[in-house]
Colleague: 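Pasting a structure below so you can have a look.
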Amino acid sequence: MAPLRLPVSMGYLRQYLTLMKNGRTVASYTRMHAKSPVMYQHSSVQSRRFCLQSRSLQKEELELTSVRYNVQRGDFARISSEDVAVFEKLLPGRVIADPEELVGYNTDWLRMCRGNSKLLLRPKTTEEVSEIVKYCDSRNLAVMPQGGNTGLVGGSVPVFDEIIISTSLMNKIVSVDEISGTLVCQAGCVLEALNTHLSDIGLMMPLDLGAKGSCQIGGNISTNAGGLRLMRYGSLHGSVLGLEVVQADGTILDCLSTLRKDNTGYDLKQLFIGSEGTLGIITAVSILCPRKPQSINLAILGVSNFENCLKALKEAKGMLGEILSAFEFMDSPCIDLVRSNLKLSNPISDKPFYVLIETAGSNGTHDEEKLNLFLEKVLGEGIVEDGTVATDSTKIQSIWSIRERLAEALLHDGYVYKYDISLPLANFYDLVVDMRERVDDSATRVVAYGHLGDGNLHLNITSPAYDHDLLDKIEPFVYEWTSRYKGSISAEHGLGFKKKDFIHFSKTQNAVELMQKIKDLMDPKGILNPYKMLPEKYGD
């Protein structure tokens, strides 16, 4: 559904500022924390529809990852009927071996990677995961943990016939401390469901993703997911207080602390945050949840050049301060994309660049006054040329849908080459310009958007189908360019399968060797999510 069209004129925006001065506007809705269960249901259904739609865009069978990328299978055992019998006894009614049912679990929703797993296991408890892994370790059977399967780098699906351990049935909330804001839950809890539960008691999750209706908190932590709120609440390395993890030999590691301060020995949980299931399988989490804001405002502003986007960011940080919760960026091809592929409309006049600014606070009058002063300044100085502000639920969701559905819109072009990069702000958009010149007419389009507030660029190139010649133009150029400007080749999506062999563009050889030693120590047989995150040693 296309968003409601909002008033677009500069005159309206100035009128809005006048209304705010006179206290005539009310901002009390937050798109993430609306009290109405209908809003959550709509968002959840839309997120799941997104995943299902992406899989149906191309009906033909996807080429196996192992074939497309010429991967050699590791020296792992192959599953036997005796193995299946053991798992069926351990998990009665929760073992899936039907090839038709396994298709969705073997394929990532971007349709970039496809494995050939013959077996899916659905445990409900940490103890069951422990028994599964202990048995697999004894048999040298490779396993692959899977949450909501919303990953973007091929880390959440098998490469060969690894046994999939799904955490979807591990979805219990254990406890919530309303005073400290501490949540303890199983790893399979869906992010949006957690947010809904917390909203009723005045709390919220410290991260927000476009895939919130499908992604699971265990997978979020395993990939160290970032998202829209990182600018305000920081990364999961700071928010996660404790973890329960099943190690490669089946041992349960209980580091499920709810304390904010614990300085006893090594902080072991940090090893598993962002390790993508290669060091252990996260089964339960303890996470610090901030208070839910009472006042939300969202502005979409049109900007004539990227330099003014940076000026707007500087002014927003200085003038909005503690209420600034998100600062997102899109270029004009993004608007063309959602307009042509999703029939969404632009709520303001067309401009070369756009920024989305969200404020979240506890006092609506105070927040509106600060936003008022900020908008007056950026408009008055010509930093911003057009814009509109949303304070009610429908308009807020309409504007956010443009940004959050970009990944969905890209899939309609065919095949998507996705790059999730951190760069110094001074060089942030230069890569996009250079990439457009490099690929020229060989790509359908090149679009750029991302979290400008924390220096995270999402660069996307599309083509009607997978094109190896186009890929050769993109890689390793994109990684060499990023490394030259001291950036990171993975800001928040992880390395997974797609980027593992490019890790040296962001990490030194000594650092990679130390990571390999840690892997050898914690998973000596290499059975945990093989062929992922680290270079080819673990695919041999």
Side-chain angles (χ1 to χ4, degrees), residues 3-4 6-7 12-40 42-43 178 181 192 194-208 212 227-234 239 288-301 312-313 315-328 347 355-379 384 387-404 451 453:
L4 295 179
L6 306 182
Y12 169 76
L13 190 54
R14 296 188 188 279
Q15 181 183 27
Y16 169 81
L17 295 174
T18 302
L19 289 172
M20 285 203 297
K21 281 184 176 180
N22 295 331
R24 296 179 187 174
T25 59
V26 178
S28 59
Y29 174 80
T30 163
R31 66 193 174 88
M32 292 78 73
H33 319 297
K35 294 181 179 179
S36 168
V38 176
M39 292 303 297
Y40 278 106
H42 168 77
S43 177
E178 298 182 34
E192 188 174 45
L194 292 175
N195 223 23
T196 304
H197 181 83
L198 291 170
S199 179
D200 293 336
I201 53 176
L203 297 173
M204 64 182 236
M205 292 297 288
L207 75 160
D208 180 33
K212 55 185 171 284
L228 302 171
R229 294 181 188 160
L230 188 139
M231 182 182 185
R232 174 75 169 267
Y233 299 109
S239 299
L288 185 65
C289 303
R291 298 293 302 177
K292 181 179 73 174
Q294 301 301 307
S295 167
I296 297 290
N297 297 284
L298 180 64
I300 180 170
L301 308 175
L313 174 60
E315 294 298 335
K317 285 183 173 181
M319 299 186 69
L320 300 177
E322 78 286 353
I323 66 170
L324 181 63
S325 56
F327 195 104
E328 297 292 299
V355 295
L356 278 74
I357 301 174
E358 184 183 77
T359 65
S362 59
N363 186 310
T365 302
H366 167 267
D367 296 352
E368 289 165 9
E369 181 180 358
K370 297 192 77 165
L371 183 59
N372 180 1
L373 293 172
F374 165 75
L375 292 173
E376 284 185 332
K377 182 175 176 62
V378 295
L379 284 166
V384 168
T388 189
V389 177
T391 60
D392 71 86
S393 62
T394 303
K395 293 178 180 179
I396 286 175
Q397 185 59 41
S398 296
I399 294 175
W400 269 119
S401 69
I402 297 173
R403 166 63 180 86
E404 291 186 331
H451 316 298

Colleague: Can a side-chain donor-acceptor contact be found between D367 and T359 if the only test is distance below 3.5 angstrom?
Modeller: no
Colleague: Is there a side-chain contact (heavy atoms from CB on, under 4.5 Å) between E328 and L228 once you walk through the steps?
Modeller: CA-CA 8 Å; E328 297 292 299; L228 302 171; 3.4 Å; yes
Colleague: What residues form a side chain to side chain contact (heavy atoms under 4.5 Å, CB included) with L230, not counting sequence neighbours?
Modeller: S235, D454
Colleague: Less than 4.5 Å apart, any side-chain heavy atom of H366 and any of I323?
Modeller: yes
Colleague: When rounded to the nearest 0.5 angstrom, what is the spacing between CE in M231 and CG in L313?
Modeller: 5.5 Å
Colleague: Go through Q294 and N363 one step at a time and tell me if the side-chain contact (heavy atoms from CB on, under 4.5 Å) criterion holds.
Modeller: CA-CA 7 Å; Q294 301 301 307; N363 186 310; over 6 Å; no
Colleague: Quickly, which of I296, I399, L320 forms a side-chain contact (heavy atoms from CB on, under 4.5 Å) with E358? Name it, please.
Modeller: I296
Colleague: Measuring from atom CE of M204 to atom SG of C289, what distance do you get when rounded to the nearest 0.5 angstrom?
Modeller: 9.0 Å
Colleague: Looking at E404 and I402, would you say the former's side chain and the latter's main chain have a donor-acceptor pair under 3.5 Å?
Modeller: no
Colleague: If we only count heavy atoms from C-beta on, is the Y233 to L207 side-chain gap below 4.5 Å?
Modeller: no
Colleague: Hey, what do you get for CG (L298) to CD (Q397), rounding to the nearest 0.5 Å?
Modeller: 10.0 Å
Colleague: Say you draw a straight line from CD of E368 to CG of L373; how long is it, rounded to the nearest 0.5 Å?
Modeller: 12.0 Å
Colleague: Provide the closest heavy-atom pair for A316 versus F374 in the form atom of the first, atom of the second, distance.
Modeller: N-CE1, 3.5 Å
Colleague: How long is the gap from OG1 on T391 to CG on N297, to the nearest 0.5 Å?
Modeller: 6.5 Å
Colleague: I need the M319 CE to L375 CG distance, nearest 0.5 Å.
Modeller: 9.0 Å
Colleague: Taking N195's backbone N and O only, do any of them form a donor-acceptor pair with S199's side chain (distance below 3.5 Å, no angle check)?
Modeller: no
Colleague: Using every non-hydrogen atom in the two residues, find where S325 and R232 come nearest and quote the distance to one decimal.
Modeller: CB-NH1, 3.6 Å
Colleague: Going by side-chain hydrogen bond (donor to acceptor under 3.5 Å, both in side chains), name the residues that satisfy it together with K317, two or more places apart in sequence or in a different chain.
Modeller: none
Colleague: Identify the two heavy atoms, one from E178 and one from L203, that lie closest to each other, and give their separation to 0.1 Å.
Modeller: CA-CD1, 4.4 Å
Colleague: Who are the side-chain hydrogen bond (donor to acceptor under 3.5 Å, both in side chains) partners of E322, not counting sequence neighbours?
Modeller: K370
